[in-house]
Amino acid sequence: TVEYLVFDEADRLFGMGFAGQIYDIMSRMSPSRQTLLFSATLPKMVAEFTRAGLREPEIIRLDVESKISENLQLVFFILRKAEKPAALIYTLREVISAKEQALVFAATKHHVEFLLLSAVGIECCPVYG
């Protein structure tokens, strides 16, 4: 029997119209299972689902409970798609000092592999989710 039922990117699942399928899956599971929903945002539909579809739900909001470091620097660039890899490499080599670290997020595993920065001499550690 299933002990844990996990829905990652719950906001996107509901946003794409999978609410019916989520309820259907849950109805076929043992009521003793633990259900976990992970979501970067908490839109109304997900909030209503947690109240109606889950027993004793606990909501943990990192955006409220944690503070962003004052040392964090955010930078946005508006680029053409073809310019993005070169701009990233330039930023990592020329703007960020060798003593600093950076996080680079990519949409898919394919994008991460395409951007494999070690191929251009930048030390990196790819992580896939």
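- How far CD1 of I22 is from CZ of F7: 5.0 Å, rounded to the nearest 0.5 Å.
- The CE atom of M16 lies 9.0 Å from the CG atom of D11; values are rounded to the nearest 0.5 Å.
- There is a side-chain donor-acceptor pair under 3.5 Å between R33 and T35.
- Both L37 and Y23 are assigned to one and the same hydrophobic cluster, defined by single-linkage of ILVMFWY side chains at heavy-atom distances under 4.5 Å.
- Atoms CD1 and OH, on I96 and Y90 in that order, are 11.5 Å from each other to the nearest 0.5 Å.
- When all heavy atoms of V2 and Y4 are compared, the closest pair comes out as CG1-O, 3.3 Å.
- Atom CD of E3 and atom OG of S32 lie 8.0 Å apart (nearest 0.5 Å).
- Taking CG of L88 as the reference point, atom CZ of R93 lies at 10.5 Å (rounded to 0.5 Å).
- Distance alone, capped at 3.5 Å, is enough to place a donor-acceptor pair between the E100 side chain and the S97 backbone.
- Expressed to the nearest 0.5 Å, how far CG of L5 lies from CE of M29 amounts to 5.0 Å.
- D8 and L13 make their closest contact through O-CD1, 3.7 Å (heavy atoms, listed as atom of the first residue, atom of the second, distance).
- Within 6.0 Å of CD in Q101 there are 12 or fewer heavy atoms belonging to other residues, nucleotides or ligands.
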